[in-house]
Amino acid sequence: MEKEIKINENITIRIADEKWAKEKYNSAIKSRDKLLPWLPWVHYYDAPEANAEMMAEFQRSKVKEFEEKTNYCYDIFYDNQFAGSIEVMHVSKMNKKCEIGYWLDSAMTGKGIMTTCVKALTELLFDKLDMHRIAILAAPENAASCAVAERCGYEKEAILREDQVLEDKFYDTVIYAKLML
């Protein structure tokens, strides 16, 4: 996978890099109410000692995973402004499958950014990594995330009942998947 991918004239995705840690941290904090309860990692940044350096350490770990070809975490830029993140996780070359996870800064929603990114990344995963199956997991109540999966042609396969605990509440997980045809 490339470290930088131009999706269209407005959107570029770049390998998660510590040089954008402050922007990513500020975006996550600013968007906290919209990201919770769907993304439990946001709580990690609630701690009094939380700061942009913690995000920089996270970004460094993602660069290492990228280089090891086990995970591909990209930061999304819309008109050169940090907009969110999209990650290819649980890559199994043997089984030719992976998952995509994503989030957007609350100020960047409603522009089609994530739908555009998921469509482009899906094509790249089928073409460049020879994936056969790509999954997106979300809480059924997370309407925005489910809508992205559906707009990108992913099919709802199953609901795992009370699969996750987020903010001390059990949530179901809906599994969407797309197969290479």
Side-chain angles (χ1 to χ4, degrees), residues 1 3 5 7 11-17 20-21 23-25 27-28 31-32 34-45 55 58-66 68-78 82-93 95-106 108-109 112-126 128-129 131-160 163-167 171-179:
M1 295 289 287
K3 291 184 177 184
I5 302 166
I7 304 293
I11 303 169
T12 302
I13 60 174
R14 299 180 182 121
I15 183 175
D17 190 302
W20 300 299
E23 290 88 344
K24 191 172 194 171
Y25 172 78
S27 178
S31 304
R32 182 185 185 283
K34 297 286 186 189
L35 298 175
L36 291 174
W38 319 122
L39 299 172
W41 61 263
V42 177
H43 286 292
Y44 184 66
Y45 294 97
M55 184 64 80
F58 171 81
Q59 297 283 80
R60 286 189 290 273
S61 74
K62 292 301 174 182
V63 169
K64 184 178 179 199
E65 291 172 357
F66 195 101
E68 293 169 348
K69 300 178 181 176
T70 58
N71 237 21
Y72 302 95
C73 186
Y74 290 98
D75 290 330
I76 302 167
F77 293 85
Y78 182 78
F82 180 85
S85 188
I86 188 165
E87 185 170 4
V88 180
M89 307 169 287
H90 309 293
V91 176
S92 172
K93 291 178 183 164
N95 293 307
K96 297 186 174 199
K97 67 179 185 174
C98 61
E99 292 176 21
I100 295 177
Y102 43 81
W103 67 274
L104 272 180
D105 182 300
S106 58
M108 294 288 182
T109 61
I113 296 169
M114 195 54 73
T115 299
T116 302
C117 288
V118 170
K119 283 180 181 178
L121 197 53
T122 297
E123 288 178 26
L124 283 170
L125 291 168
F126 286 143
K128 297 231 182 220
L129 289 188
M131 291 289 117
H132 176 73
R133 174 188 168 83
I134 304 169
I136 295 173
L137 281 63
E141 298 88 353
N142 185 347
S145 188
C146 292
V148 168
E150 291 168 7
R151 281 193 300 270
C152 293
Y154 283 70
E155 293 184 36
K156 185 191 269 187
E157 290 189 332
I159 294 180
L160 305 175
D163 182 53
Q164 292 187 65
V165 177
L166 304 170
E167 292 192 316
Y171 284 88
D172 294 346
T173 298
V174 61
I175 300 172
Y176 291 93
K178 191 166 191 173
L179 303 177

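Remember, predicted model here, so these are calculated numbers, not experimental data. Quick note: residue numbers are just sequence positions, from 1.
- For S31 (side chain) and D105 (main-chain N/O), no donor-acceptor pair under 3.5 Å exists by modelled atom type.
- A tilted orientation is assigned to the rings of F82 and W103, their planes being inclined by 30° to 60°.
- Residues meeting the side-chain hydrogen bond (donor to acceptor under 3.5 Å, both in side chains) test with D163, sequence neighbours left out: T173.
- Remark: the backbone N or O of D17 is paired with a side-chain donor or acceptor of Q59 at under 3.5 angstrom.
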Requested in this report: Applying side-chain contact (heavy atoms from CB on, under 4.5 Å), run through I5 and I7 and close with a yes or a no.
Outcome: CA-CA 6 Å; I5 302 166; I7 304 293; 3.9 Å; yes
Query raised in the report: Under the side-chain contact (heavy atoms from CB on, under 4.5 Å) criterion, do V118 and I136 qualify, and how do the steps go?
Result: CA-CA 10 Å; V118 170; I136 295 173; 4.1 Å; yes
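- A donor-acceptor pair under 3.5 Å links the side-chain atoms of K178 to the main chain of C152, judged by distance alone.
- At most 12 non-hydrogen atoms from other residues, nucleotides or ligands lie less than 6.0 angstrom from CD of E155.
- Taking Y154 as the reference, T122 meet the side-chain hydrogen bond (donor to acceptor under 3.5 Å, both in side chains) condition, with sequence neighbours excluded.
- Rounding to the nearest 0.5 Å gives a distance of 10.0 Å between CE of M114 and CG of L121.
- Between the Y74 side chain and the V88 main chain, no donor and acceptor come within less than 3.5 Å of each other.
- Within 6.0 Å of the NZ atom in K93, the count of heavy atoms belonging to other residues, nucleotides or ligands exceeds 12.
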